[in-house]
Structures are given as structure tokens and as C-alpha cells.
Amino acid sequence: MDADSDSDGSHISATPPRDPLPPPRLPPQPPPKPPTSYKSTASTKRSSHLDIIFKLKKPSSSKHDKIEPVPEPEPKVKPIQQPDLPSPVGNFPFQIRRPSDQPHPISIGRSLETLPAGFFSTRRASFSKICKPSLNFEPETLPEITAEPKINGSDGPGSTKTCNKKLPNLIRGDVPLPPVKLQKRSEEGNFVRLNFNGYKRKFTAKGKKMNSYSYKSKYFKRSKRRVKSEVDTGSLCDEEGLVSEIKLQSKAEKPSRCESVEAAISAVRNEVSDENLVRLLKALYGYDLFRDGQLEAIKMILAGKSTMLVLPTGAGKSLCYQIPAVVLPGITLVVSPLVALMIDQLKQLPRMIQGGLLSSSQGPEEAAETLRMVQEGSIKVLFVSPERFLNADFLSIFSTLTSVSLVVVDEAHCVSEWASLLRAKLNVECILAMTATATTTTLQSIMSALEISSTNLIQKSQVRDNLRLSVSLSSNRMKDMLKLMKSSPFLGAQSIIVYCKFQSETDVISRYLCDNNISAKSYHSGMLARDRSRIQELFCANKIRVVVATVAFGMGIDKRDVGAVIHYSLPESLEEYVQEIGRGGRDGRLSYCHLFFDDVTYYKLRSLMHSDGVDEFAVNKFLCQVFADDTSSHRKVCSLVKESASRKFDMKEEVMLTLLTHLELGETQYLHLLPQLNVTCTLNFHKTSPMLLADKDTAVAAILKKSEIKQGQYVFDIPTVANSIGVAPGDLSNHLQNLKAKGEITYELKDPAYCYKIVKVPSDFCSLTELLTRWLLDIENCKVWKLDAMYSSAVFVVDTCEKTHDCNVAQQTTCLQERILDYFKGDNNLDVLDKMGQNSPFLRADIKVFLQSNSNVKFTPRAIARIMHGIGSPAYPSSTWSRTHFWGRYIQIDFKVVMNAAKAELMNFVGKDAP
Ligand SMILES: Nc1ncnc2c1ncn2[C@@H]1O[C@H](COP(=O)(O)OP(=O)(O)OP(=O)(O)O)[C@@H](O)[C@H]1O
């Protein structure tokens, strides 16, 4: 078998190196220090600057910032591009954020509201009434299963029991199984229909019953066909030899061992011994050995103890809840921050474990179907997006189910806030919180929110010891990277991920690699989802050697044999670095991770850390607008058009959403967010005259009342009309659709907006403004500190190696690992370089000239500092402001220093101009 093949996992746990020589052992890690507080220059001090504005005319500006390519070597300062950012507000512990790919929670509420009355009223059928699925499975309905070869059970040598008719619902608690009648939809098994591989996938059962196995098989067959056809036509890859047999990494193709699994489960239920658990591991996954931390975690959970598990990326955390899930009697809920991540995890469930998913991106029918399956007990592991837990209907269903055995909080550093809600509402006995990257402070917060005892922390090194880490300072990264890839050991790596910061970089680099005979494709969030999943498939099928990606190529990618991860750009934090190198060597073999860094990129990134920052003045204006519509009726729907509000407050849309979310989920609930809508409607009447139609239709009457007539068309605001007749905006939209279907009207919708209902008007706007500003400032400072810590670590490793005159990879690995360990321990001794200039003799003079030459424009100190740092913002886009020769001129001077200088100059300016 090919050394890198993953088709048989049985040999893998022995972690053989790709190299002929065994890896040198790492020196023992120092024992974890008692938790220390997280050092941050970002402490909570608020900047005391005045937010001064000048009410002068704005320059004509185009709406959008342009993303321009970054050629190498880089010229002096260029407009800063928008990188693929993982989140609007960085990895700040306990920030409230809503993953951008998930619509708002209320949409779930909707979907649940539409379920048939009484749907959830019945409690889950008692287990005693349930009979084994083997009695209920009809062979003809499970063609794939009956086609399975006979497999030797592990009960005894030579046992040749077949495992037909028992998939996939055979794994239960210590009770008989429910009467699983395979109905059309329910047999789809791991039935994610939405956004599967980036596009909407519809299952037209057409009378054919499917289970998880058939579903997976179909998916993979289809994937193979698609990959093959793309390969054949050369549409995505132009390398030779691409048309060979494609081996997708599918656990669906692993042999089923139902009998041995059942026996192994019973054995563990009888006695939770190491031996029995290893037997179950072998039966379920084919692996021989547990990895570090897994056994400990599984035993703790099976003992009913809530556990905090910190294992490096790719160390095998999923298995730590999957095994308990099959052993414990009830359902296991997995809360995960990203829908895409949940879909991947669902796909990767061993086919013996029946999984399901509930997310806000599902339609009402799908949600109802999933919940039905949950109620009848045919789902063992249910992935749930965090905001689901805010939904009262969802909570009530689960509080009536006595069978939630375990709640898993995946990527706990992102979702801990939601999880504490869950802890409170569900009264769940056992919680498993998992993360790969969390500082001591963050861990403490998570554990206290989830009430996990400090004795139940299982924490292993943040970086797997099969990753060889190296770092170099480079003045020509492109050339140096090519050299690296053409030399050992990178030359021998079959699959490589190159991480870049900017989307345009990925294209430039992948083209450069292709020109140099290395098959590479770029991957970033600006690409169509369909193209992204094709690239991912081709990469997983080893048809592309290198994927040059932004951070978008991240969580959920489980290609086991990635032999190298190269960072072309400095990651924004050690958390990000650790996550990304964790894509390498997931099969346990050696993987090489090289980090290139340079000062120009560092300065650019540091500037970008300030691009989400907002000042008190803007927050105050924002709050005034949000609550401007204070209304006698709290049922009124308010809206904030994203684009215009973003320009008005000079605030990115994500930042506005972050603030709105805080207003909803913070200590006091001020508002209730609703699904986003296009709020401006332009309407034409066709059949009946408007007046006649208005006589019989109250909605039309309201439209006529609230519309402006522009060029013969009726233009109105959807929430305004909906409020005036006391209906929800969604209902009004449905009504318009009906009228359109009857040929009465045509209409167009535009202006996407955040919609919300006011729950409580703040009594003290000033304190709330101050609170929110401080919170945003903390986030901004924290991001800067994290970047500095990342940069300092790279410098530290290079310097240390230079000093010892014997620079080798083993040394750099140790050096960087120690640094990472210190960082995650929240070690206050971690020295973080302050490389930014604190003054410049020309700064004030330049700002003065800048103000004089733009005397008709109003600025805040932050707006000036952004221009001097070359960062575009909604009100001062780079497309306009990069033309000034001050653009990015002070990128090397600390942002706050520039902001203070701008404040001083603005005050002078006001003073002079004041009458
Ligand atoms: N004991 C084991 N022996 C061999 N392989 C294992 C073992 N445990 C897990 N694996 C494999 O390691 C890979 C990574 O596992 P998994 O996806 O659970 O990691 P993870 O810690 O959740 O990573 P991430 O943080 O990226 O989500 C998977 O392919 C999994 O099958």
C-alpha cells in the first residue's frame, strides 16, 4: 500500500514518519503553570481623544474599495487590501459574534413556528416500546447495505456474520431500538441538504429510500464523476496523469463491522476498561491505538464528568465525543460555530453513527424532519448551530426530551457564550467543551461559563509533535518559496497548503507555481462556492499538489496526508498559525511547516487590525439611529440599510452587526434581531388600477399611502408598510409574491438591511456608548497584541537560531513550540516586540498639509489615521483616498500615535477656523 494512502487506517495510529528516520523526540514540556492572567497591552484603557468632526463637504467617492493584486517584490506602500478575515472582531475571548454564513436566529423561530400544531407535544416514545431495527429494515429498501460483503465479526476468529439490514440505526443505548420505519426522507441518514459542498443539494427521493450509507455512497460516486469530468476536460487542472483512479477519502468505503461494533459497545457498557474501549475504537474506525488525550477524555465523559478538552488541531477530538455518543443511551448534541464545519463533521461521522443537523440555514420542512427523527430516536449525534439554543421552541423540545446524554461544545473558544445559555436551559448533566487553541484565560472563562470543574481539564501540547516547524525572514518570498518547494523535504511532500493573507496573492502565487511546473490552484472566499468545493475535492483526490489559500481554507478540512503547510504571509495570531499548521500531518506522519515573514507584511497587517475600530462619536451616532424609531409599539419592525448606514457611520457592516448582536445578547436585551431583508420596493401595477385594487386589498392601500411615486413607479419601504398594517415584513413580501403570481403587479427589491424590534430603549445613551466603545477598543487592542505576539515569535525563533549558529529544523521546532506553549499559558513573561515607530518629525506637519488640502471634507482623528496608514473605510474608500500622496505614508508609525497627532491638528484647525 502506498505510504501516504489513507484507505486503511489500521496502521496509522503508530504515527510513522514520512522520513526514513524517526523524528527526534521533543524535550519534555514544562509543566503547565497555574493560570495567569492574559497579558495584553490591550488592557481596557479607553482612548480619551475627542472625536472631532468638521461639517464640510464630502469628496465624490466611489462606493467600494478595490482589491488590487500585491506583486512581489512589493513597492513602497500600496492601498491595503482586504484579507480573508476569519471574523469581524478577531479571536477575542467571549466576543459575541454571529458567523457570517448563518442567517439570524429568528429565521429558526420562523421555521419552527410553521411546524404542524402539536408536533412537539408528544414526548419521545419510551424505549420499552421500541423494537430492534433489524426487525424493521426491509432489505429491498437498502440496496447498498444488502450489497455489502460478508465481514468477519470480531467476536471470535472466523466468525462470518453478515451485517446486512442493520445499518444505520442500530446504535442505541442499553435499550431496544425504536421502530424505525424508513420513510422517504428519514432514511436519508446524515441528511444535510443545504449548502453541501457549497451549493444547494436537493434530495429527490422519488420513492427511493435512502439511508446514511446510500446517501454517502451517492454523494461520493457523484463527486468522483464530477472530479473526473473536470479532470478529463482539463477545466480545473492541467497537470498530466490526472485521469487516474480517484480515491476520495471516504469513511463510507471502510468495511462495516456491525456485529463487532454492537459487541464492543455492550462490552464498554458493562465495563469501561481501556481494553474494551480500544476494541470499540478498532471496530468503529479500524484504528489500533488511541492518540494522546483521547482515552482519558472518553473515560471522563463516560463517567459523566463534564470535561474541557484541549487537543491540537487534527489530534482527533471528534472521536472523543463519537465514542461516548454510541455508548451513552441518549442523544449527543454537538454545538459548533460554523454550519460548514458541522456539515463536514456530519460527513465524517462513521457510518455506523446516525447523525443529523439543525441549522438556521435549513428550511422549515427540513428542520421539522430533523426534529421528527430526533423525537423518534433515530438520530444519535445531532449537530446544532449555537443560535438554535436561543430559540424558545427548540429549547422546549429538548427540555422535554430526557435523553440528551451529552452536549459537545466544539471550538469552544468561539461559542462559549451560547453554551452557557444551553447549560442553564437544558439542565444537561455532561458537557464536553473542545478547542485546539485557547489561552489560559479563555479556558478559564469557558470552564466557568460551562461549570466544568478545574480538575476535569485535559490539555495536551498545542502543536502535534509530528509537525516540523521552521521560520525564515524573507525579502523575496515568492522566490524563496519556490526554492523551498524544490528542495528536500518539501520536494517530497505530495500535498501542500500555502497560506496567504490576501485573495489576490493566492492567484498570483498559484500562477507562479504553475509556471514553475508545480500544480497549484488558488482558494479564497471571493470564489464561487462551487469552484471552492471543486478545488477542495481535487486536492483531496491528490489531483492538485498545492492549494494556495487564504484563511478560508481552514476548519473542517480533514485531508490526512498534507505533507507540508507553508505560510507565505505572517498569520494574524498564534491561534491562527496553530490552526493552520494543524492541517498538516493529520495521519500522524511527519509534516513540514514553514513560515515566511517580512516587515512590510507585518506593517500592513498591523494597520489592518485597526480597520474595524470605531470611536465613541460613531457609536453614539449609531445608537441614536438604531433607537431613533422609538416606538409606542414594540411590535414595530425597524430597519437599518446596510450600505448607507455603513457609509454614514464609517463602520463596516460586520461591525454594525456585531454591535446589534451585542444589543440583543448583552447583559440587557435592548433589541431583537430579525432576518435581514431587502427593504426598498419599487412596484408597478399591471392588471387592475391601483385604486381599485386598494379597495379590496389593505396592503395595497397601505402601499399607496406610504409610497413615493418615481417615474410612474411606486417606491416604498417594506417595514414601514408592514408596520402600518400590523403584519410582519415577511408576510407582506409573501403577499406581494401572490399578487405578482396573479399578474397584478411586478416589483423589485433592493437595499439589504438589518431588521430588528426594539425591546427596551436605553435609559442612558452615554454610558451605553462608552461601554460599547470600550468593548470594541478592547477587541481592536487585543487583535494588535496577538499580531505582535505572532511577529515576535517569528523574530525570536530566527534570532535564537542565528545566535546558536547551528540552525536546523529540529531546533526551530522546539523553539517555536516553547513560544506557543508560553503564549497559550498566558505567560506574562512573553516578550512582545514593539516595532512600531512612536514618533516622526514630519507627522504633524503632514497632517496639517493634508487637512489644508482637504478643507472641504470632514474628518475624525481615526479617519485621518486610517488614510495615513493606507486603510480604506466605508466613508473614506481606498479607491478615492489612495490617490492622495499621504496614503499609507505613516504605516510604520503606531496607529494611536498618528491618531493623537491627527486629533491635535484637528483641534488646531478648529481653533484657527473658529470665529
Ligand atoms: N486514534 C486515532 N488513530 C488514528 N487516526 C485517528 C485517531 N483519532 C483520530 N484520527 C484521525 O485523525 C484525523 C483528525 O481527527 P479530527 O478531525 O477528529 O481532529 P480534530 O482534533 O477534531 O481536528 P480539528 O481541530 O481540525 O477539527 C481524522 O482523520 C481522524 O480519523
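Just so you know, ligand 1 is whichever comes first in the structure, and atom 1 is the first atom listed for that ligand. Hydrogens, waters and symmetry mates play no part in the numbers below; they use all other heavy atoms, side chains included.
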- request: For ligand 1, note which part of Gln294 has a heavy atom under 4.0 Å away: side chain, backbone, both or neither.
  value: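 Looking at Gln294 and ligand 1, just side chain atoms fall under 4.0 Å.
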query: Under 4.0 Å from ligand 1, counting heavy atoms only, is it the side chain of Arg560, its backbone, both or neither?
result: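 It is the side chain that gets close, since no backbone atom is under 4.0 Å.
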Check each atom of ligand 1 against the heavy atoms of [X] and keep those under 4.0 Å away; list them by number with element.
{"X": "Arg583", "answer": "26 (O)"}
{"X": "Leu289", "answer": "1 (N), 2 (C), 3 (N)"}
{"X": "Ser318", "answer": "16 (P), 17 (O), 18 (O), 22 (O)"}
{"X": "Leu319", "answer": "8 (N), 9 (C)"}

Counting both backbone and side chain atoms, is some N or O of [X] under 3.5 Å from an N or O of ligand 1?
{"X": "Tyr287", "answer": "yes"}
{"X": "Gln348", "answer": "no"}
{"X": "Ala315", "answer": "yes"}
{"X": "Thr313", "answer": "no"}
{"X": "Phe290", "answer": "no"}

- prompt: For atom NZ of Lys299, is the number of surrounding heavy atoms from other residues, nucleotides or ligands below 6.0 Å larger than 12?
  reply: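 More than 12 heavy atoms, drawn from other residues, nucleotides or ligands, come within 6.0 Å of this atom.
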- prompt: Counting N and O atoms only, with roles assigned by atom type, does the side chain of Ser569 sit under 3.5 Å from a partner on the main chain of Cys500, one being a donor and the other an acceptor?
  reply: no
task: Can you sort out the partners of Asn456 under side-chain hydrogen bond (donor to acceptor under 3.5 Å, both in side chains), two or more places apart, ordered by chain and number?
output: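 For Asn456, no residue satisfies side-chain hydrogen bond (donor to acceptor under 3.5 Å, both in side chains) once neighbours in sequence are set aside.
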message: Could you check whether Gln817 and Asp465, counting side-chain N and O atoms only, form a donor-acceptor pair closer than 3.5 Å?
response: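 Gln817 and Asp465 do not have a side-chain donor-acceptor pair below 3.5 Å.
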- request: Could you tell me whether Asp531 and Arg534 have a side-chain N and a carboxylate O separated by less than 4.0 Å?
  value: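 Salt bridge flag = yes for Arg534 with Asp531.
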- prompt: Is it true that Glu572 and Lys501 have a side-chain N and a carboxylate O under 4.0 angstrom from each other?
  reply: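 Counted as a salt bridge, because a side-chain N and a carboxylate O are separated by less than 4.0 Å.
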task: Establish, yes or no, whether a centroid distance under 6.0 Å links the rings of Phe596 and His567.
output: no
query: Yes or no on side chain to side chain contact (heavy atoms under 4.5 Å, CB included) for Lys559 and Ile497, after CA distance, side-chain angles and deciding distance?
result: CA-CA 11 Å; Lys559 178 167 167 57; Ile497 303 174; over 6 Å; no
query: Out of Pro312, Gly316, Gly588, Gly286, who gets a non-hydrogen atom closest to atom 15 (O) of ligand 1?
result: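 Ranked by closest heavy atom to atom 15 (O) of ligand 1, first place is Gly316.
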